[in-house]
Peer 1: 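One structure coming up, written as structure tokens, with questions to follow.
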Amino acid sequence: MGKKSPSSTKGKNRKDPAPVSGKNSAETGKECKRIFWCTSECTPYAKSGGLADVSASLPAALAERGHEITIIMPYYNWKMNKLSLHYNGGMFTLEVPFAEEKFYCRVRKLELEKNLTYCFIEYDRFFDRPALYDYQGNEFEDNAERFIFFSRACMELIRYLGKKADILHLNDWHTALCAAYLKSPLYRNEEVFKECKSILTLHNVGYQGNFSKEKFAYTGLPWEFFRYDALEYYDRMNFLKGGIALAHEVNTVSPTYAKEILSAEYGCGLESTLQYCNQCGRLRGILNGIDVKEWDPANDKALPVSYSAENMAGKEKAKEALAKYFHISCKGKKGRKLPLFGVISRLAAQKGLDVFADVLEELLPVMEARFILIGAGDPHLEWRYCSLAERFPEKFACYIGMAEEKLAHLLEAGCDFFVMPSRYEPCGLNQMYSMRYGTLPIVRSTGGLADTVKNYDKNDPSASTGFVFYDLTIQGLRDTVIWAEKTYSDSFEDILQMRKTAMNTDFSWDHTAQQYEEMYSDAYK
Ligand code: ADP
Ligand code: GLC
């Protein structure tokens, strides 16, 4: 699959005939499906986190396996206009009912690859903003309206396109409402939706789209959908709950997270809805993959020198370039090589980076190692990290904001260790990106981190890929950072072994795309 950078669309106005829904793919022997992937973000067009990366790479993997994919997402004019994309599929106006009114939006169609089309919904009143969901940690007040409108636009667009939909693949709360629409009298008898099944992928149960019931009328749904077994949640309207209750199949993005969310600790108030969904056999966990072509140290333009598990010399060059970018030196007393620890993350409570800031307060005055952080989100945490950088400029540097992709790549490559002390982590992509670049993750054992990182075993470093701790406490994280630092200085040969194992681990979508196909088939059972 080609790289999905905006420039890669040039000269690629491919108009191959769409495969007919229900035919067998010669390559895979599987039944090919017409899948509409509805998402609020997708790399490289608009991104706040991993949902964007998965929305780019999983549909692409499914298209490669013969399915016909249409990705529907909002057009964030403020950001996307700058990309100057050529909409080779054309543009047209779509009428979208909203409460008693009708809104008119523009659809921009981009036919990127064979079987892979993007439809961007342009409606500036809701989406022409410098951020996707919030401003400096405060949610936009009209988020309910924005995503009711977007979900309704997805349904209207599919109806307008007029091709029979097999799967409506919904992602997180932003589009979960489509599961209700599909079952409602508004759409269930439409020809294009007659055999359609909905899938809801839970990338993060911590964000639910929980709004006042006053706004329910905007949906246009009958009040029977405002019930305990649909969208109602403690007399409010909860999009994610509605999606879990009404989608034909539901999945999380790692097996461990699928179990964790059944408990009050991780279910964020939706544990009983999730337990019921699980009892009905509609809940499963499918581990995310990563785009191994986009994230490939052997072929990455963001790196000064490429490298691989066989020839790791380029990793040192990446470390030098990264340190130079952040104006720090990784040479210690007597020319000692110092380990470099890195983070790139949303600064949200989920990520446990408040505890990391506490750990740095303790370690920076006494430890020689170097630390780098790229992050944005909670203003208080942003301030704490800036303050650390001011007080310890030789040892710690940070970049506050959303960095360009190439800096993110350089960070994954140039660090020795990648820190992810998450309170919870539905999957996490960064630990997989870092392992792919031979950077060993330091993780708390939760969700996808527990499913992907193998803890360091002194007796078997070649079966280890990182450092794992269990309790999110200052002591737990601090001791693990010290443990990694000691291993780097005293047993560097183990680090080299672990890097090799990490780099040779297969995190591609090959296995997991198949599990999605199984889920699509199960939705029909
Ligand atoms: P989450 O989706 O919870 O944020 P993931 O690990 O799944 O966590 O994915 C995070 C993605 O967002 C990665 O691609 C990461 O590089 C990127 N990212 C997070 N914060 C930033 C930032 N400040 N600048 C650039 N990229 C970021
Ligand atoms: C969410 C989760 C993250 C996951 C990503 C992609 O944002 O927080 O763990 O990797 O979605 O599925």
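Index from 1, following the sequence. Just follow the structure's listing: the first ligand is 1, and inside any ligand the first atom is 1.
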Peer 1: Answer side chain, backbone, both or neither: which part of Asn430 comes under 4.0 Å from ligand 1, heavy atoms only.
Peer 2: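 Under 4.0 Å from ligand 1, Asn430 contributes backbone and side-chain atoms.
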Peer 1: Where does His203 meet ligand 1, judged by heavy-atom distances below 4.0 Å: at the side chain, the backbone, both, or neither?
Peer 2: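 The answer is neither.
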Peer 1: Closer than 4.0 angstrom, basic N to acidic O: yes or no for Glu361 and Arg391?
Peer 2: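 Yes, this pair counts.
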Peer 1: Closest by any non-hydrogen atom to atom 24 (N) of ligand 1: pick that one out of Gly49, Ala403, Gly448, Gly50.
Peer 2: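 Ranked by closest heavy atom to atom 24 (N) of ligand 1, first place is Ala403.
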Peer 1: Please state whether Glu404 comes within less than 4.0 angstrom of ligand 1, counting heavy atoms only.
Peer 2: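 Contact check Glu404 vs ligand 1: negative.
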Peer 1: Over 60° means perpendicular and under 30° means parallel, so tell me whether Trp173 and Tyr133 are parallel, tilted or perpendicular.
Peer 2: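 The rings of Trp173 and Tyr133 sit tilted, inter-plane angle from 30° to 60°.
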Peer 1: Parallel, tilted or perpendicular: which fits the ring planes of Tyr424 and Tyr257, with parallel below 30° and perpendicular above 60°?
Peer 2: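 Judged by the thresholds at 30° and 60°, the geometry between Tyr424 and Tyr257 is parallel.
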Peer 1: Looking only at protein heavy atoms, identify the closest one to atom 20 (N) of ligand 1 and say how far it is in Å.
Peer 2: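 For this ligand atom, the closest protein heavy atom is Ser345 C, 3.2 Å.
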Peer 1: Measuring centre to centre across the rings, with the benzene-like ring taken for any Trp, is Phe149 within less than 6.0 Å of Tyr123?
Peer 2: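 Yes, the ring of Phe149 comes within the 6.0 Å limit of the ring of Tyr123, centre to centre.
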Peer 1: Under 4.0 Å, heavy atoms only, figure out whether ligand 1 is touched by the backbone of Pro426, its side chain, both or neither.
Peer 2: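 Neither; no heavy atom under 4.0 Å.
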Peer 1: Looking at Tyr433 versus Phe507, is the centre-to-centre ring distance below 6.0 Å?
Peer 2: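 Centroid separation for Tyr433 and Phe507: 6.0 Å or greater.
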Peer 1: Students should be able to answer this: which protein heavy-atom is nearest to atom 22 (C) of ligand 1, and at what distance?
Peer 2: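 Checking every protein heavy atom, the shortest distance to atom 22 (C) of ligand 1 gives Met402 SD, 3.6 Å.
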Peer 1: Would the Phe417 and Phe341 ring centres measure less than 6.0 Å apart?
Peer 2: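 Yes.
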Peer 1: What is the ring orientation for Tyr118 with Phe120, classed by angle as parallel under 30°, tilted 30 to 60°, or perpendicular over 60°?
Peer 2: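 Parallel: the ring planes of Tyr118 and Phe120 meet at under 30°.
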Peer 1: Which of the atoms in ligand 1, numbered in the order shown and given with their element, are less than 4.0 Å from a heavy-atom of Gly428?
Peer 2: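 The atoms of ligand 1 under 4.0 Å from a heavy atom of Gly428 are 6 (O), 7 (O).
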Peer 1: Below 4.0 Å from ligand 1: does a non-hydrogen atom of Gly401 turn up there or not?
Peer 2: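 Yes, Gly401 has a heavy atom closer than 4.0 Å to ligand 1.
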Peer 1: If the plane angle is over 60° it's perpendicular, under 30° parallel, otherwise tilted; pick one for His169 and Tyr520.
Peer 2: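 Geometry flag for Tyr520 against His169: perpendicular rings.
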Peer 1: Could you check whether any heavy atom of Glu405 sits closer than 4.0 Å to an atom of ligand 1, since that is the contact criterion I want to use?
Peer 2: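 It does not; every heavy atom stays at 4.0 Å or beyond.
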Peer 1: Taking atom types as modelled, find out whether Gln515 and Asn251 have a side-chain donor-acceptor pair closer than 3.5 angstrom.
Peer 2: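 Distance-only check fails for Gln515 and Asn251.
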Peer 1: Quick check: does Ser48 get an N/O under 3.5 Å from an N/O on ligand 1?
Peer 2: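 No: no nitrogen or oxygen of Ser48 is under 3.5 Å from one in ligand 1.
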Peer 1: Would you call Arg284 and Glu249 a salt bridge, using N to O less than 4.0 angstrom?
Peer 2: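 Judged by the 4.0 Å cut-off on N to carboxylate O distance, Arg284 and Glu249 do form a salt bridge.
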Peer 1: Any nitrogen or oxygen of Met420, main chain or side chain, under 3.5 Å from a nitrogen or oxygen of ligand 1?
Peer 2: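 Looking only at distances, the answer is no, because the N/O contact criterion of under 3.5 Å is not met.
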Peer 1: What protein heavy atom sits nearest atom 5 (P) of ligand 1, and how far off is it?
Peer 2: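 So the nearest neighbour among protein heavy atoms is Leu429 N, 3.6 Å.
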Peer 1: Is there any N or O on Trp295 that sits under 3.5 Å from an N or O of ligand 1?
Peer 2: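 For ligand 1, there is no N or O atom that lies under 3.5 Å from one belonging to Trp295.
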Peer 1: Can you check whether Arg346 has an N/O within less than 3.5 Å of an N/O in ligand 1?
Peer 2: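 N/O-N/O distance below 3.5 Å exists for this pair.
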Peer 1: Could you list which atoms of ligand 1 come closer than 4.0 Å to a heavy atom of Gly375?
Peer 2: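 Every atom of ligand 1 under 4.0 Å from some heavy atom of Gly375: 23 (N).
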Peer 1: Return the protein residues near ligand 2 (heavy atom under 4.0 Å from any of its atoms), ordered by chain and residue number.
Peer 2: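 Gly50, Leu51, Val54, His203, Asn204, Val253, Asn288, Arg346, Gln350, Glu425, Pro426, Cys427, Gly428, Leu429.
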Peer 1: With a 6.0 Å cut-off on the ring centroids, do Tyr456 and Trp483 count as close?
Peer 2: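 Judged by ring-centre distance (under 6.0 Å), Tyr456 and Trp483 do meet the cut-off.
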Peer 1: I'd like to know if Arg423 and Asp354 make a salt bridge, using a cut-off of under 4.0 Å between side-chain N and carboxylate O.
Peer 2: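 The answer is yes: the pair qualifies as a salt bridge.
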Peer 1: If every non-hydrogen atom of Glu41 is compared with every non-hydrogen atom of Thr39, which pair is closest and at what distance?
Peer 2: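 Minimum heavy-atom contact is O-OG1, 2.8 Å.
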Peer 1: Any Lys/Arg nitrogen of Arg478 or Asp358 sitting under 4.0 Å from an Asp/Glu carboxylate oxygen of the other?
Peer 2: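 A salt bridge is absent here (no side-chain N lies under 4.0 Å from a carboxylate O).
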Peer 1: Does the residue Tyr399 have a heavy-atom contact with ligand 1, meaning some pair of atoms that are separated by less than 4.0 Å?
Peer 2: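 No, Tyr399 has no heavy atoms under 4.0 Å from ligand 1.
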Peer 1: How close do Ala389 and Ala397 get, heavy atom to heavy atom, and via which atoms?
Peer 2: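 For Ala389 and Ala397, the tightest heavy-atom pair comes out as CB-CA, 4.4 Å.
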Peer 1: Hey, is ligand 1 close enough to Tyr433 that some N/O pair sits below 3.5 Å?
Peer 2: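 There is no such contact.
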Peer 1: Which residue and non-hydrogen atom of the protein lie closest to atom 8 (O) of ligand 1, and at what distance in Å?
Peer 2: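 Ranked first by proximity to atom 8 (O) of ligand 1 is Lys351 NZ, 3.1 Å.
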